[in-house]
2 protein chains.
Amino acid sequence: MSINLPLAEERYTAFNILLADDHQMIVDGISGMLAGEQAYRVAGTALDGQQAMEMIASRPDDYDVLLTDISMPLLSGIDLCKMVKASYPRIQVLVLSMYSSMAAVQEAVMAEADGYILKSSGREELLKALHRITGGGTYFSEAILPIIYSQYEKAKTQEDYQRILSARELEILAMIVKEQTSEEIGTVLFISKKTVDNHRANILEKTGCRTTVGLVKWAIKNGIEG
Amino acid sequence: MSINLPLAEERYTAFNILLADDHQMIVDGISGMLAGEQAYRVAGTALDGQQAMEMIASRPDDYDVLLTDISMPLLSGIDLCKMVKASYPRIQVLVLSMYSSMAAVQEAVMAEADGYILKSSGREELLKALHRITGGGTYFSEAILPIIYSQYEKAKTQEDYQRILSARELEILAMIVKEQTSEEIGTVLFISKKTVDNHRANILEKTGCRTTVGLVKWAIKNGIEG
DNA sequence: AAGTGCGTAGGTATTTATACCTATTTTCTT
DNA sequence: AAGAAAATAGGTATAAATACCTACGCACTT
């Protein structure tokens, strides 16, 4: 961050926001919300990640902030964030998500997002987050702190469980969600069905699920193969 | 419908809308969108179905239109719609949903909703839908017609399969997604585990799924148990 | 050198789900 | 009155998942 960004109050021109969300209702809603704000201007909108990436790539100087949903067609908000941060680190990224899950927040942080707010939060919090990140800071929704905290607590009390899944476990979980049985998974991965079953047991334990049904919901909620 | 509702243009006062959605961002967004419209006024907002029901029950004459999400905590938009239509048929209900699935639309129609639009549609369509239903008519999003049509086609070609799930089947599917076993479901519904298993087989056949995992994905995709 | 996590694999037993089948009653529609 | 569909329930059999357990080698860290 070599350039020191001036605060909103000190600027003569508004911050230009690129809004990416596959729900037109959200796009229109947020556009309407920001219409009355002099500090921010919706300079462009995209209905999927790829479109957003193309818009930024063609005119990177037109945007100061990317406000993006996580789950979008063609290119997810997480991948979009990674790409933008890699090529245009000047652009601040604020992730807007439905999910307050540990995995989703963690992915956003890994993708170097500058902030993360929930769709269950309102106009007030959006403005606060925008103010914070355009000031060069970060903003993570208060609402997600208890989740992170509770996960941390669980990890401490439950003897180090509830930690993240290993690569192998993620691989198997993805196959489970694709409706493959333990035997089929074993055949594909050249390991015993018994090993797959052991992995399943570990996955169930780590995710805190009791059945495969819960696992599928967990996987979808956490954006695995989504 | 004994009272003939005057059209928006003829009225001196705006239609009063109660907005129910568990995402504050949507509530704020739509409020902002309708702020510039003289014909409509957001007279109240609720963050869950129960709260919406209480607001209507305490002051039923304050609201002309209920604009509600489907998946909400405590009381779903579908159940809310049923209750409102049963007690206050004067109030027009417009369902606003993430899902463009047959099952979700079907449930809304069964609940006597006056309209159904998607969150992927924008401000334009929302206004069109509001205008139509306050005029005493109905409005179902263009975007859902192809889905209904495709389901219908499937039903014709696939020997009457892929038809819609019955109320009982939807009930059982919701319980499956809640991680309940056939035995548990049977106990709760006072029917044999065997009957539940037969229902499961029929649900699998109708939805075209092969396993419970597929069923969970189908249910989530179709907005059952939000 | 000891410990930890991971991936591997086996045993045993039980529970749950699925694939077939028939069959009755009720309800709704034609 | 006839027919279709839904909801009910049973039989038989297999497949799949879950709950317990032990065990070993490898890589990494302390």
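A, B, ... follow the sequence lines: proteins, then strands. Residue 1 opens every chain.
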Note to self: B:Lys128 vs B:Glu125, test: salt bridge (Lys or Arg N to Asp or Glu O under 4.0 Å). Steps then yes/no.
What the structure shows: CA-CA 5 Å; B:Lys128 201 196 283 183; B:Glu125 193 162 5; over 6 Å; no
Would you give me the side-chain donor-acceptor pairs under 3.5 Å for residues 43-57 of chain B, sequence neighbours excluded?
from, atom 1, to, atom 2, distance (Å)
B:Asp48, OD1, B:Gln50, N, 3.0
B:Asp48, OD1, B:Gln51, N, 2.8
B:Gln51, OE1, B:Leu47, N, 3.1

Next item on the list: Count the heavy atoms belonging to other residues, nucleotides or ligands that lie under 6.0 Å from CD of A:Glu184, then report whether that count exceeds 12.
Entry: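 Yes.
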Margin query: Are there over 12 heavy-atom neighbours, none belonging to B:Met83, within less than 6.0 Å of that residue's CE?
Written below: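 It does not: B:Met83 CE has 12 such atoms or fewer within range.
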Check: Between A:Leu204 and A:Glu183, who's closer to the 5' end of DNA chain D by nearest nucleotide?
Finding: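 Its nucleotide being nearer the 5' end, the pick is A:Glu183.
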Notebook entry, point to check: Can you tell which of C:dT8, D:dT8, D:dT18 lies closest to the side chain of A:His199?
Noted result: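 The nucleotide sitting nearest to the side chain is C:dT8.
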Check: Along nucleotides 24-30 of chain C, 5' to 3', which nucleotides get a B, which get an S, and which get a -, given that the test is a protein heavy-atom distance under 4.0 Å?
Finding: -------
Notebook entry, point to check: Which letter, B, S or -, goes with each nucleotide of nucleotides 9-14 of chain C from 5' to 3', with contact meaning a protein heavy atom under 4.0 Å?
Noted result: BBBB--
Notebook entry, point to check: If you look at every heavy atom in A:Asp114 and A:Ile133, which pair is closest and at what distance?
Noted result: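 That closest heavy-atom pairing would be O-CG2, 3.6 Å.
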Next item on the list: Please name all residues satisfying salt bridge (charged side-chain N to carboxylate O under 4.0 Å, His left out) with B:Lys193, sequence neighbours left out, ordered by chain then number.
Entry: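 B:Lys193: salt bridge (charged side-chain N to carboxylate O under 4.0 Å, His left out) contacts with B:Asp197.
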Check: Who are the salt bridge (charged side-chain N to carboxylate O under 4.0 Å, His left out) partners of B:Arg123, not counting sequence neighbours?
Finding: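 Applying salt bridge (charged side-chain N to carboxylate O under 4.0 Å, His left out) to B:Arg123 gives B:Glu37.
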Tell me whether the side-chain N/O atoms of [X] come closer than 4.0 Å to OP1 or OP2 in [N].
X        : N      : answer
A:Ser182 : D:dA17 : yes
A:Arg200 : D:dA16 : no
B:Arg210 : C:dT18 : no

Next item on the list: Give the angle between the helix axes at the two ends of the helix from C:dA1-D:dT30 to C:dT30-D:dA1, taking five base pairs at each end and rounding to 10°.
Entry: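 Here the local axes at opposite ends form an angle of 50°.
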Notebook entry, point to check: With a non-hydrogen cut-off below 4.0 angstrom, is A:Asn202 in contact with a base, only sugar-phosphate, or nothing?
Noted result: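 The answer is nothing, as A:Asn202 stays clear of every strand by at least 4.0 Å.
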